[in-house]
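Quick caveat: nothing in here was measured; it's all calculated off a predicted structure. Just so you know, these numbers use all the heavy atoms, side chains as well, and skip hydrogens, waters and symmetry mates.
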Amino acid sequence: MKFSLEQYSNVVNATEEPKWVTSPTKRNLYQEVNKAFNRIKTLMEAGTVLGVKDRRIVARNIAKESGVHDSLLNKRRQPEIHELITNKNAE
């Protein structure tokens, strides 16, 4: 009988970040977008009645929560974050 540590490991898989997350600022923005998406999704699944504005991820709110100026989150400066917000809103 072979002994292997893999049989007994409790490794937690970390969430995979996209390759474009290369700086702490982008990491914070990426995490805030995911937090906002998960919060909205949880509320919708719980049956909470949300208005149209409450069901959307707003870039200005993401910037405020991340501690950066909202002008940083425009399509020209952060195209990946802008695309992520657009995709999450579509979901």
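Going from atom CD of Glu32 over to atom CD1 of Ile81 covers 10.5 Å, rounded to the nearest 0.5 Å. Atoms CG and OG, from Leu29 and Ser23 in turn, are 8.0 Å apart once rounded to the nearest 0.5 Å. Distance check: Ile57 CD1 to Ile85 CD1 gives 6.5 Å after rounding to the nearest 0.5 Å. Here CD of Glu80 is found 4.0 Å from NZ of Lys26. Values are rounded to the nearest 0.5 Å.
The two residues Trp20 and Leu84 come nearest to each other via the heavy atoms CH2-CD2, 4.3 Å. His69 and Ser71 make their closest contact through ND1-OG, 2.9 Å (heavy atoms, listed as atom of the first residue, atom of the second, distance).
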Chi angles and distances behind the side-chain contact (heavy atoms from CB on, under 4.5 Å) call for Gln31, Glu17: CA-CA 9 Å; Gln31 290 172 351; Glu17 293 180 343; 3.9 Å; yes
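A distance-only check finds a donor-acceptor pair linking the side chain of Arg55 to the backbone of Leu50 [under 3.5 Å]. In this structure, Thr86 contributes its side chain and His82 its backbone to a donor-acceptor pair below 3.5 Å.
At least one side-chain heavy atom of Leu72 sits under 4.5 Å from a side-chain heavy atom of Thr25.
Residues Val21 and Val33 share a single hydrophobic cluster, defined by chaining ILVMFWY side chains whose heavy atoms lie under 4.5 Å apart.
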Sequence neighbours left out, cut at 3.5 Å: what donor-acceptor pairs do the side chains of residues 59-66 make with other protein atoms?
from, atom 1, to, atom 2, distance (Å)
Arg60, NE, Asp70, OD2, 3.4
Ser66, OG, Ile62, O, 3.0

